[in-house]
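Proteins get letters first, then strands, A, B, ... in listed order; numbering begins at 1 in each. Keep in mind it's a predicted model, so treat the numbers as computed, not measured.
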Amino acid sequence: MTEPELDNPKQLVASYFAEDTESVARNLLGALLLRRINEQWIGGRIVETEAYLHEHDLASHSARGKGNSNAAMFAEPGTIYVYPIHAKVCFNVVTQPENVGAAVLVRALEPIWGIDVMETHRGLTTPTRLTSGPAMLCQALAIDRSFNGRHFTDEPRLMLCQNHVSTEFDIVASPRIGISKSVDLPLRFFIKDNRFVSRRK
DNA sequence: AAAAAGATGTGCT
DNA sequence: GCACATCTTTTTC
């Protein structure tokens with residue numbers, strides 16, 4: 001796919017993220033996540049997300065309240081929350097009104113633009129290993145902790161857009177991946193039958 | 001069987 | 001506050 005669609009991007013507005021987290025997680029499926037690097041947009045379509053709530057969600061980083069490391073999660077909706085894990089990072093967008101402490105984790109992309117650049121960043125060329133995991137997609141898009149706390153509407157290095165090409169798909173909900181608390185809540189959402197979703201058999 | 005990924009955890013400047 | 005180690009699960013060979 002070429003880039004004509006990016007000539008007229010419909011960037012998501014901040015109010016898009018102010019509603020309840022589960023809805024935002026569902027709505028983000030199919031949206032485009034783009035990273036500006038070397039005067040080129042690289043990225044693709046979001047195919048898998050997870051919702052992290054505040055109240056009663058012990059798996060969420062916000063469950064114990066606001067602290068130094070998770071302060072971005074309590075900022076205004078549309079703020080980027082990047083947290084470190086195992087020498088890598090994962091990418092979230094804050095939802096709900098300010099001070100709630102909820103966010104959507106972007107878990108997988110369908111790579112579309114700048115695949116060669118993403119292959120270089122990842123050090124491999126297997127398509128389904130490029131961005132099919134929260135830490136993988138951050139490495140592919142060169143997202144690091146310098147993005148933490150930035151608002152995506154004020155961040156020229158990133159763009160979140162509505163996808164006006166392919167919007168027809170079924171959404172599947174399942175329990176979230178890799179957590180030890182609140183394990184049964186069906187807060188993981190992905191595009192049915194998409195080959196770039198993580199943890200497929 | 002071996003490698004990779006990951007809502008961790010520790011430790012130091 | 002930031003860098004990085006480490007162990008379990010999942011995926012690939």
(message) Using a 4.0 Å heavy-atom cut-off, does A:R107 contact any base of the nucleic acid, only the sugar-phosphate backbone, or nothing at all?
(response) sugar-phosphate
(request) For A:F91 and B:dG6, give me the distance from atom CZ to atom C1', rounded to whole Å. (result) 18 Å
(request) Would you mind classifying the nucleic acid contact of A:A87 as base, sugar-phosphate or nothing, using non-hydrogen atoms under 4.0 angstrom? (result) base
(request) Look at A:R199 and B:dA4 and indicate whether a side-chain polar atom (N or O) is within less than 4.0 Å of OP1 or OP2. (result) no
(request) Check every strand shown and say whether A:I85 touches a base, only sugar-phosphate, or nothing at a heavy-atom separation below 4.0 Å. (result) base
(message) In whole Å, I'd like the distance from the CZ atom of A:R122 to the C1' atom of C:dT11.
(response) 13 Å
(message) Whole angstroms only, please: what is the CG-P distance between A:N68 and C:dC2?
(response) 9 Å
(request) Kindly confirm or rule out a cation-pi arrangement of A:R157 over A:F147, judged by NZ or CZ under 6.0 Å from the six-membered ring centre and within 45° of its axis? (result) yes
(request) May I have the distance from A:L105 (atom CG) to B:dA5 (atom P), rounded to whole angstrom? (result) 16 Å
(message) At 4.0 Å (heavy atoms only), tell me whether A:R176 reaches a base, stays on the sugar-phosphate, or touches nothing.
(response) nothing
(request) Please report, rounded to the nearest Å, how far the C1' atom of B:dA7 is from the CG atom of A:L187. (result) 13 Å
(request) Output the single nucleotide from C:dA5, B:dG6, B:dA7 whose closest atom is nearest the side chain of A:N92. (result) B:dA7
(message) Between the side chains of A:E50 and A:R176, is the shortest nitrogen-to-carboxylate-oxygen separation below 4.0 Å, so that they form an ion pair?
(response) no
(message) Would A:R45 pass as a cation-pi partner of A:F196, given that its NZ or CZ must be under 6.0 Å from the six-membered ring centre and within 45 degrees of the axis?
(response) no
(request) Tell me whether A:W113 is reachable from A:L141 by hopping between hydrophobic residues (I, L, V, M, F, W, Y) whose side-chain heavy atoms are closer than 4.5 Å. (result) no
(message) Out of the candidates A:I80, A:V82, A:N148, only one should pair with A:I143 under the side chain to side chain contact (heavy atoms under 4.5 Å, CB included) rule; please name it.
(response) A:V82
(message) Heavy atoms from C-beta onward define the side chain here; which of B:dA5, B:dG6, B:dA7 lies closest to that of A:L124?
(response) B:dA5
(request) Please answer whether B:dA7 and A:Y52 are stacked, defined here as ring centres separated by less than 5.5 Å and planes angled under 30°. (result) no
(message) Looking at B:dA4, which nucleotide sits across from it as a Watson-Crick or G-U wobble partner, both distances under 3.5 angstrom, or is there none?
(response) C:dT9
(request) Round to the nearest Å and state the distance from A:K88 atom NZ to B:dA3 atom C1'. (result) 12 Å
(request) Measure from the side-chain heavy atoms of A:H86 and tell me the nearest of B:dA7, B:dA5, C:dT6. (result) C:dT6
(request) Starting from C1' on C:dT8, measure out to CD1 on A:I179 and report it in whole angstrom. (result) 15 Å
(request) Whole angstrom is fine here: how far is it from CD in A:E50 over to C1' in B:dA7? (result) 8 Å
(message) Is it the case that the base of B:dA7 and the side chain of A:H61 share a donor-acceptor contact (distance under 3.5 Å, atom types as modelled)?
(response) yes
